[in-house]
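Letters A, B, ... are given to chains in the order of the sequence lines, protein chains preceding strands, and every chain is numbered from 1.
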Amino acid sequence: LPLVIGFVSLTGCTSAQNKREQAETNLQSWAATLVVVGEQWSAAHIPNGFARTAVDRVQQGIQQELNALPPDPINDDLRARGRELMGRTQQLRTAIERAESGAARAIPGQ
Amino acid sequence: MKKIFNIALGIVTSIGGFLDVGTIATSAQAGAQFRFSLLWALALGTVCVMCLTEMGGRLAAVSHHTLAGAIRERFGFTYFAIPLVAELFTDVVVLSAEIGGVCVAVHLLTGTGVPWWALPAGAAVWLVLWRGTFGLVENGVAFLGLIAVSFVVGAVSTDPAWKEVAAGLEPAWPTHDAARYGFIAVSIIGSLISPYVLNFYTAGAVEEKWKPEDLMVDKIVAIVGMAFGALLATGVLVVCAMTLEPRHILVDSYEQAALSMSVVLGRWGSVLFAVSLGITCFGASLQVALNLSYVLAQGFGWKWSENLRPAADARFCAVYTIAICIGTLIMLTGIDPLKVTNMAMALNVLVAPLLIFPLLVIMNDEHYLDEHTNGWIGNVTVTFITVLAFAVGIIAIPLHIFGG
């Protein structure tokens with residue numbers, strides 16, 4: 001029984017830690033994607049439709065990460081980071097709508 | 001002259017059999033997360049698919065049997081029912097992923113939602129199969145697929161360190177995310193040794209009435225054609241390794257994969273990515289749908305040929321019609337096409353041994369192959385790669401799904 005309890009708790013800890021690490025990696029990936037979309041759109045390398053689609057997908061990805069985070073205070077920093085990224089996606093979306101490439105370039109990177 | 005033309009045509013058409021939604025997605029994921037270190041999986045899968053297609057072509061040319069027909073004849077219906085059911089299920093998921101790839105391509109070009117394109121894409125696939133001939137399916141779309149050469153152009157433009165690229169051919173233990181590494185390795189091999197490719201190749205050889213004199217054509221097409229396909233897939237991997245990996249961008253969506261090409265090729269990059277994805281997936285959708293009809297018709301002894309009018313082989317046409325409807329419905333639900341693709345490719349690895357091992361038995365049977373039976377190199381190579389992929393799949397797939 002102690003072995004089983006030990007195994008289950010160890011697996012549980014690993015799983016929670018894994019989830020946090022995974023969320024960190026994914027948020028970093030979405031943040032970097034947002035930066036590249038901004039760069040490429042400002043340089044007129046990608047059309048407006050594709051840029052909008054990509055920003056929407058980033059937004060969706062961040063939301064999924066936030067939803068998947070366990071409601072543990074230890075993850076508060078990640079939630080804050082996610083909300084901040086959501087704000088940046090909105091900024092880029094607005095810049096694309098208004099065709100303001102300067103504003104898109106001004107959106108901070110990671 | 002005719003032989004040279006047939007070889008050239010075969011090499012071009014093998015792009016359709018090689019490059020599809022699975023190869024593009026898994027190569028992009030591998031490059032973005034693990035740089036060049038999963039090139040060995042691509043190389044192993046390519047060697048395996050070269051051997052398998054050559055064997056399938058040899059079986060068809062010498063015995064005039066398709067793979068499904070030969071398995072049913074040699075092992076009886078009771079055994080045949082097992083790979084049949086497994087392949088029907090897997091192929092429908094693969095078909096759905098391919099239709100999803102077409103939808104994603106149009107979505108990337110237009111900005112409209114993916115599910116909106118499921119019905120038009122499914123209808124277009126059905127219409128080509130209903131009205132077209134085998135030649136159109138095999139050659140027409142494959143020629144358009146040559147646009148995928150843009151991946152190689154993109155890869156060369158990134159000017160990678162070729163020594164580092166070559167080092168990726170040596171299998172190495174991952175330094176991080178072992179479960180994901182294993183899962184992507186399995187998915188890459190799965191995208192190459194898809195049962196549909198093998199069945200479709202033998203059925204195509206019988207449709208084109210190959211004879212023992214065509215064995216050299218079969219050998220060259222299998223080796224050079226698949227190597228050409230592998231080169232294109234390597235292009236996808238290298239582009240993503242050079243553009244996304246340094247920025248820590250994982251490929252969790254096709255938009256991220258498309259960005260890699262725009263970083264390299266500027267304003268044409270994302271368009272070329274979308275068009276290449278759309279055409280190769282459309283070609284693969286035709287082949288998978290047709291393969292479902294081939295397998296069922298050959299297994300049950302129905303009349304079958306893509307060159308017959310639908311009224312002459314109604315059951316054959318009914319099968320691909322139903323399969324396309326199911327594949328389209330899955331995409332209409334709004335499910336993430338990339339997730340469906342990953343699942344389909346992993347399923348391929350688990351199902352492949354059910355077809356590959358009977359094939360090996362048949363390929364060593366003089367009743368079917370006369371003096372053209374397998375040598376030990378082919379037997380050992382295919383067995384080793386199939387067992388390895390299956391073993392890694394059994395471990396990596398649950399680990400990946402449940403969090404390893």
Practice problem: Give a yes or no on this: more than 12 heavy atoms of other residues, nucleotides or ligands lie within 6.0 Å of atom CD of A:Glu97. | Solution: yes

Self-check item: Those residues of residues 264-275 of chain B, ordered by number, that approach chain A below 4.5 Å (heavy atom to heavy atom)
Solution: B:Gly266, B:Arg267, B:Ser270

Practice problem: Give every residue pair that meets the salt bridge (Lys or Arg N to Asp or Glu O under 4.0 Å) criterion with at least one member in residues 49-59 of chain A, sequence neighbours excluded. | Solution: A:Asp56-A:Arg93, A:Arg57-B:Asp336

Self-check item: Value rounded to 0.5 Å, distance of OG1 in A:Thr53 from NE2 in B:His107
Solution: 4.5 Å

Quiz item: Distance from A:Gln22 atom CD to B:Asp177 atom CG, nearest 0.5 Å?
Solution: 6.0 Å

Exercise. Please step through side chain to side chain contact (heavy atoms under 4.5 Å, CB included) for the pair B:Leu244 and A:Val36, ending with a clear verdict.
Key: CA-CA 9 Å; B:Leu244 303 183; A:Val36 177; over 6 Å; no

Quiz item: Counting distance only, does the side-chain N/O of A:Ser29 pair as donor-acceptor with the main-chain N or O of B:Leu250 below 3.5 Å?
Solution: yes

Quiz item: Closest approach of A:Phe50 and B:Glu255, non-hydrogen atoms and distance?
Solution: CZ-O, 3.7 Å

Quiz item: When you look at CH2 of B:Trp173, are more than 12 heavy atoms from neighbouring residues, nucleotides or ligands closer to it than 6.0 Å?
Solution: no

Quiz item: Has B:Leu329 got more than 12 heavy atoms of other residues, nucleotides or ligands less than 6.0 Å from its CG?
Solution: yes

